[in-house]
Amino acid sequence: MPFEIVRNDITTMKVDAIVNAANRSLLGGGGVDGAIHRAAGPELLAECRTLGGCETGEAKITKGYRLPARYVIHTVGPIWHGGHNGEKELLSACYRHSLELAVENGCQSIAFPMISAGAYGYPGDQAMAAAVETITGFLMNHDLMVYLVVFGRDSFLNSKKLFRDVKEY
Ligand code: AR6
């Protein structure tokens, strides 16, 4: 199956689309969102202003501007409230809707950060398990290369406990 977990900075990845873990305003923030906006340049924020925000679990696409990636797919993960408030369904919806948008736009490769696993407080191991389940399910009947990107040392070590084959670039 064309799926890899890799340790990398997503803003450097030469794929057709990278996914941004945004907030509902789509007007930037910290974490991976801030890094993507810094690397893409101000044109990205200008296009985001035209989108009218995004609901939790949904996704919207823009160009990648100064990034090596052609597109940025912005999705809004759920804020963790203990796990009994539909968090897993919403997180899965983020991955599914982003993958669907990528396919609709002719992408053959896409890289995801660990949506909701930073500022939004989703426990890292559960966020990764939900990501892997949704991505591998989608790949049963779609053909594209999917990277799940872990960034910090802890999530890297965690991912190595859960999955044997994690690559470091
Ligand atoms: N490359 C790959 N992964 C990264 C990078 C990077 N350059 N930088 C951070 N991560 P977060 P969330 C990882 O907080 O939890 C923003 O302010 C990070 O280690 O970026 O969905 C938005 O505007 C973590 O594992 O996103 C929202 O307000 C993962 O990316 C809010 O944060 C996600 O962490 C969204 O929170």
Side-chain angles (χ1 to χ4, degrees), residues 3-42 44-49 51-60 62 64-69 71-83 85-99 109-132 134-135 145-163 166-169:
F3 172 52
E4 274 183 18
I5 300 178
V6 298
R7 185 182 189 188
N8 207 347
D9 174 353
I10 204 167
T11 62
T12 67
M13 290 186 72
K14 294 183 186 64
V15 285
D16 291 331
I18 64 170
V19 176
N20 182 15
N23 58 61
R24 288 173 28 177
S25 75
L26 297 187
L27 298 181
V32 73
D33 194 3
I36 288 173
H37 275 275
R38 273 194 302 279
L44 179 61
L45 182 58
E47 185 175 357
C48 284
R49 284 190 200 287
L51 299 177
C54 182
E55 292 302 318
T56 304
E58 299 297 326
K60 295 196 176 174
T62 64
Y65 299 97
R66 300 177 199 176
L67 291 165
Y71 297 110
V72 180
I73 294 175
H74 307 262
T75 189
V76 183
I79 298 172
W80 180 257
H81 288 297
N85 295 280
E87 289 94 336
K88 174 148 188 242
E89 291 71 19
L90 287 167
L91 186 58
S92 293
C94 289
Y95 284 94
R96 209 175 43 256
H97 288 138
S98 299
L99 288 161
S109 56
I110 181 171
F112 283 95
M114 292 262 288
I115 300 163
S116 288
Y120 280 0
Y122 209 109
D125 51 346
Q126 293 181 55
M128 181 170 293
V132 171
T134 310
I135 291 166
M145 181 68 220
V146 182
Y147 299 92
L148 181 60
V149 181
V150 295
F151 190 58
R153 187 171 174 275
D154 289 351
S155 42
F156 175 58
L157 294 177
N158 215 356
S159 70
K160 287 224 285 195
K161 270 188 255 154
L162 288 168
F163 304 97
V166 182
K167 295 195 171 58
E168 211 171 351
Y169 283 79

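Indexing begins at 1, ligand by ligand and atom by atom, following the structure's order.
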Polar atom proximity, [X] to ligand 1 (N or O, under 3.5 Å):
{"X": "Gly31", "result": "no"}
{"X": "Gly152", "result": "no"}
{"X": "Gly118", "result": "yes"}
{"X": "Ile115", "result": "no"}

Can you report which non-hydrogen protein atom sits closest to [atom], along with the distance?
{"atom": "atom 21 (O) of ligand 1", "value": "Ser116 N, 2.8 Å"}
{"atom": "atom 26 (O) of ligand 1", "value": "Ala21 CB, 3.8 Å"}
{"atom": "atom 32 (O) of ligand 1", "value": "Ala119 CB, 3.7 Å"}
{"atom": "atom 1 (N) of ligand 1", "value": "Ile10 N, 3.0 Å"}
{"atom": "atom 20 (O) of ligand 1", "value": "Val32 N, 2.8 Å"}
{"atom": "atom 31 (C) of ligand 1", "value": "Tyr120 CE1, 3.6 Å"}

Exercise. Name all pairs fulfilling the salt bridge (charged side-chain N to carboxylate O under 4.0 Å, His left out) condition that reach into residues 87-99, sequence neighbours left out, sorted by first residue then second.
Key: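 Listed by first then second residue: Lys88-Glu133.
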Quiz item: Which residue pairs pass the salt bridge (charged side-chain N to carboxylate O under 4.0 Å, His left out) test when at least one of the two sits in residues 16-26, sequence neighbours left out?
Solution: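 Listed once each, the pairs are Asp16-Arg70.
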Quiz item: From Ile36 CD1 over to Asn20 CG, what is the distance, rounded to the nearest 0.5 angstrom?
Solution: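 Rounded to the nearest 0.5 Å, the CD1-CG separation comes to 4.0 Å.
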Practice problem: Working to the nearest 0.5 Å, report the span between CG of Asn85 and CD1 of Ile79. | Solution: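 Reported value, rounded in 0.5 Å steps: 11.0 Å.
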Practice problem: Could you tell me whether the side chain of Val6 reaches within less than 4.5 Å of the side chain of Met13, counting heavy atoms only? | Solution: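 Answer yes - side chains close enough.
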Is a side-chain N or O of [X] found less than 3.5 angstrom from the main chain of [Y], in a donor-acceptor match?
{"X": "Asn23", "Y": "Gly28", "value": "yes"}
{"X": "Ser116", "Y": "Pro78", "value": "yes"}
{"X": "Thr75", "Y": "Glu58", "value": "yes"}

Practice problem: May I ask you to check whether His74 and Thr62 show a side-chain donor-acceptor distance below 3.5 Å? | Solution: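 On atom types as modelled, these side chains qualify, holding a pair under 3.5 Å.
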What are the atoms of ligand 1, with element, lying closer than 4.0 Å to any heavy atom of [X]?
{"X": "Asp33", "value": "22 (C), 23 (O)"}
{"X": "Gly29", "value": "17 (O), 23 (O)"}
{"X": "Gly30", "value": "16 (C), 17 (O)"}
{"X": "Asp9", "value": "1 (N), 6 (C), 7 (N)"}

Quiz item: Taking atom 19 (O) of ligand 1 as the point of reference, which of Phe151, Tyr122, Trp80 owns the nearest heavy atom?
Solution: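 Selected option, by shortest heavy-atom distance: Phe151.
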Practice problem: Check each of Met114, Met13, Arg24 against atom 25 (O) of ligand 1 and report the one with the nearest heavy atom. | Solution: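 Heavy atom nearest to atom 25 (O) of ligand 1 belongs to Met114.
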Quiz item: For Tyr95 and Ile115, which heavy atoms make the closest approach, and how far apart are they?
Solution: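 Closest pair (atom of Tyr95, atom of Ile115, distance): OH-N, 3.3 Å.
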Practice problem: Compare every heavy atom of Arg66 with every heavy atom of Pro42, then report the nearest pair and how far apart it is. | Solution: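 That would be CD-NH2, 3.8 Å.
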Quiz item: Distance below 4.0 Å between atom 16 (C) of ligand 1 and any protein heavy atom?
Solution: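 So atom 16 (C) of ligand 1 has protein heavy-atom neighbours under 4.0 Å.
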